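Single-structure report; data block below.
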Amino acid sequence: MSSGEEVKIGMLGMGTVGGGVARLLERNGELLAGRTGIKLTLQRVLVRDLSRRRAVDLPPQTYTTSPDAVIRDPAISVVVELMGGIEPARTLISEALKEKKDVVTANKDLMAQHGRELLDLARRCGRNIYFEASAGGGIPLIRPLKHCLVANRIRCIIGIINGTTNYILTRMSFDDMDFQEALARAQELGFAEADPSSDIEGRDAAYKLAILAGIAFNCQVDPGELYIEGIKNVTRADIHYARELGYTIKLLAIGEEKPGGLLLRVHPALVPLAHPLASVHDEFNALFIEGDLIGEAMFYGRGAGALPTASAVVADIIDAVRSRGRGEGSPHPGKPEQKKLLPLSVLDSRFYVRFLAQDLPGVFGALATAFGDEGVSLDMIIQKRKKNGVAEIVLVTHTVSEERFQRAMEKALRLPTIRPEAAVFRVLE
Ligand code: NAP
Ligand code: HSE
């Protein structure tokens, strides 16, 4: 074993990501010690079930069901929270900070909803919280935004930041898998949450967007105020039509600085096949950033999974140990600016709509009139005949305000020949 300062770690949770950290230390611990001069040892690990088989065989006395055995152990200097959820994670992190431990966490739910309060507590305790793995898993996003791009005024961030939904949409697109089959596969592969509703309904991406936007735009973001729409309404038919029109469908998390405030939203969108985000497939994530100095940049990689996420967690631990060695306190000196969150109604966008209509003369014209009357100009139109006299009409509008588009839709859906179950998605410019 390489020599190096031995640093004892306490871990709260040893599931997918915790198991990844243990495997990483087993596999690359020596390499890490050689490179950093720091030898990380898992001293105590909190779990719920002591009888459960773990990814790595650690000495049995390492495991405990007592949080105090981890956070109050004087030999431990860094506590790594990998339990997930709000409580008891929030209380245990607070206690660990008060015990003068630095904290590393991958918990986006917690950091999005209570990050500011925990960062303030860390500052008061003279300690740090590191949360690189909470958004984008193994891809460095938080450190580049916080440090490397700090001189930029960020204009927008556009991310594919949920691996489960990207995997589902990719498999639906390339393998014609249905939604449930693709979701089950994502769960087997370990990147869908045990309860995948947060992934599917877009909340997971919204939490990550709240964290990233807070850093990119230097403000505090309440994830409860974001516009969120999940992927439940995306069908294979829409994916096929999108492709025919030169697009792919992705769940996007978008943050833009606009005059008067920030517009933050998570929703499925048609992405032009030529856009760099269109080629982000499977569980891969990417964040596209536009800054006033750097122009466009994109970060790409694995946003979930045991080892990629562990890679970010362990890098944070090393950062914590190094900062401690330099006697540094909290690394969040800037005061967040007050920024207003703008409503979706300020958005101008192109829209994709798929209508089901009776295949009768004049239907097409009536639809075009409904849109035209509201000043919504149509860019592309496809009509396909389905069974039993039902036609599928797909159209893409030119850029229009959200309000004007909604008025046109209300008018179109009142037409007697148009069925009420239309699919609507925004189109990335
Ligand atoms: P997980 O597989 O469900 O593991 C959770 C671990 O925490 C388990 O070992 C569990 O113990 C332990 N635990 C939970 N509640 C506990 C309690 N009240 N007392 C004691 N132990 C408790 O979760 P995960 O997928 O590793 O995710 C961990 C965190 O990383 C979450 O915040 C998640 O959002 C985040 N994250 C995950 C991924 C990913 O790819 N999975 C990627 C990025 C970020 P038992 O094993 O005994 O049940
Ligand atoms: N469930 C999350 C995802 C895990 O699919 O992206 C990583 O945060």
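Along the sequence shown, residues are numbered consecutively beginning with 1. When a ligand or atom number is given, it counts from 1 through the structure's own listing order. Remember, predicted model here, so these are calculated numbers, not experimental data.
Protein heavy atom closest to atom 10 (C) of ligand 1, with residue, atom name and distance, is Arg48 NH2, 3.7 Å. When only non-hydrogen protein atoms are considered, atom 8 (O) of ligand 2 lies nearest to Lys108 NZ, 2.5 Å. Protein heavy atom in closest approach to atom 41 (N) of ligand 1: Gly190 O, 3.6 Å. The nearest protein atom to atom 28 (C) of ligand 1, hydrogens excluded, is given as Leu82 O, 3.4 Å; this is a heavy-atom distance. The closest protein non-hydrogen atom to atom 35 (C) of ligand 1 is Ala106 O, 3.3 Å. In this structure, the protein non-hydrogen atom closest to atom 25 (O) of ligand 1 is Thr16 CB, 3.5 Å. If you check which protein heavy atom lies closest to atom 26 (O) of ligand 1, you get Val17 N, 2.8 Å. The single protein non-hydrogen atom nearest to atom 17 (C) of ligand 1 is Met83 CE, 3.4 Å, given as residue, atom name and distance. Among protein heavy atoms, atom 12 (C) of ligand 1 sits closest to Gly13 CA, 3.7 Å.
Considering backbone and side-chain N/O atoms, Gly305 comes within less than 3.5 Å of an N/O atom of ligand 1. Below 3.5 Å of separation, one finds an N or O of Arg52 facing an N or O of ligand 1. Below 3.5 Å of separation, one finds no N or O of Ala306 facing any N or O of ligand 1. By the 3.5 Å distance cut-off applied to N or O atoms, Asn285 is not counted among the residues near ligand 2. For a threshold of 3.5 Å applied to N or O pairs, the pair formed by Ala304 and ligand 1 contains no separation below that value. Taking only nitrogen or oxygen atoms, main chain and side chain alike, Gly85 does not reach within less than 3.5 Å of ligand 1. Between Gly163 and ligand 2, a contact under 3.5 Å exists for at least one N or O pair.
Ligand-side atoms of ligand 2 in range of Asp199: 1 (N), 2 (C), 3 (C), 5 (O), range being under 4.0 angstrom from any heavy atom. For ligand 1, the atoms sitting less than 4.0 Å from at least one non-hydrogen atom of Met14 are 6 (C), 8 (C), 9 (O), numbered in the order shown with element in parentheses. Numbered from 1 in the order shown, with element, the atoms of ligand 2 that lie under 4.0 Å from a heavy atom of Gly303 read 7 (C). Which parts of ligand 1 touch Leu46 is read off a 4.0 Å heavy-atom cut-off, strictly below it: atoms 20 (C). Short contacts between ligand 2 and Ala304, defined as distances under 4.0 Å to a heavy atom of the residue, involve ligand atoms 4 (C), 7 (C). Annotation for ligand 1: atoms under 4.0 Å from non-hydrogen atoms of Pro88 are 18 (N). Which parts of ligand 1 touch Arg54 is read off a 4.0 Å heavy-atom cut-off, strictly below it: atoms 9 (O), 45 (P), 46 (O), 47 (O). Ligand-side atoms of ligand 1 in range of Asp49: 47 (O), range being under 4.0 angstrom from any heavy atom.
In summary, Arg124 and Asp120 do not engage in a salt bridge, as defined by a charged side-chain N under 4.0 Å from a carboxylate O. The pair Asp282-Arg171 meets the salt-bridge criterion, since a charged nitrogen lies less than 4.0 angstrom from a carboxylate oxygen. Of the charged side-chain nitrogens involved, at least one lies within less than 4.0 Å of a carboxylate oxygen, so that Arg127 and Asp102 count as a salt-bridged pair.
Residue contacts with ligand 1, taken as heavy atom pairs separated by less than 4.0 Å, involve Ala133 solely via the backbone atoms N, CA, C and O. Of the heavy atoms in Thr164, both backbone and side-chain atoms come closer than 4.0 Å to ligand 2. Using a 4.0 Å cut-off between heavy atoms, Lys208 contacts ligand 2 through its side chain alone, with no backbone atom that close.
Atom CG of Leu110 sits about 8.0 Å away from atom CD of Glu87, to the nearest 0.5 Å. Between atom NZ of residue Lys101 and atom SG of residue Cys125 there is a gap of 12.5 Å, rounded to the nearest 0.5 Å. Summarising the geometry, atom CG belonging to Asn285 is positioned 4.5 Å from atom CD1 belonging to Ile139; distances are rounded to the nearest 0.5 Å.
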With a cut-off of 3.5 Å and sequence neighbours excluded, list every side-chain donor-acceptor pair involving residues 296-314.
unit_1: Arg302; atom_1: NH1; unit_2: Glu283; atom_2: OE2; d: 2.6
unit_1: Thr309; atom_1: OG1; unit_2: Gly305; atom_2: O; d: 2.6

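The residue from Lys100, Arg90, Arg72 that alone fulfils the salt bridge (Lys or Arg N to Asp or Glu O under 4.0 Å) condition with Glu95 is Arg72.
Evaluation of the side chain to side chain donor-acceptor pair (under 3.5 Å) test over residues 253-273, restricted to residues two or more places apart or in two chains, returns Glu256-Arg265, Glu257-Lys339, Arg265-His267.
With Gln406 contributing its side chain and Ala408 its backbone, the two residues share no donor-acceptor pair below 3.5 Å. The main-chain N or O of Thr165 is found under 3.5 Å from a side-chain atom of Asn162 such that the two form a donor-acceptor pair. Judged by distance alone, the side chain of Ser134 and the main-chain N or O of Phe131 form a donor-acceptor pair under 3.5 Å.
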Could you give me the CA-CA distance, side-chain angles and deciding distance for Phe284 and Ile160, then say whether side chain to side chain contact (heavy atoms under 4.5 Å, CB included) is met?
CA-CA 8 Å; Phe284 280 84; Ile160 293 174; over 6 Å; no
Let's go through Asp49 and Ser51 carefully: what are the C-alpha distance in whole Å and the side-chain angles of both, what is the deciding distance for side-chain hydrogen bond (donor to acceptor under 3.5 Å, both in side chains) to 0.1 Å, and is it a yes or a no?
CA-CA 6 Å; Asp49 178 359; Ser51 65; 2.7 Å; yes
Under the side-chain hydrogen bond (donor to acceptor under 3.5 Å, both in side chains) rule, what do Tyr130 and Thr105 come out as? Steps first, then yes or no, please.
CA-CA 6 Å; Tyr130 301 80; Thr105 180; over 6 Å; no
Audit row: Glu402, Ser345, side-chain hydrogen bond (donor to acceptor under 3.5 Å, both in side chains) steps and yes/no:
CA-CA 5 Å; Glu402 186 86 20; Ser345 54; over 6 Å; no
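Aromatic pair His275/Phe288: centroids less than 6.0 angstrom apart.
Glu81 does not count as a contact of ligand 1, since none of its heavy atoms falls under 4.0 Å from the ligand. Heavy-atom separations between Gly137 and ligand 1 are all 4.0 Å or longer.
Contact annotation for atom 3 (O) of ligand 1: protein absent (non-hydrogen atoms, distance under 4.0 Å).
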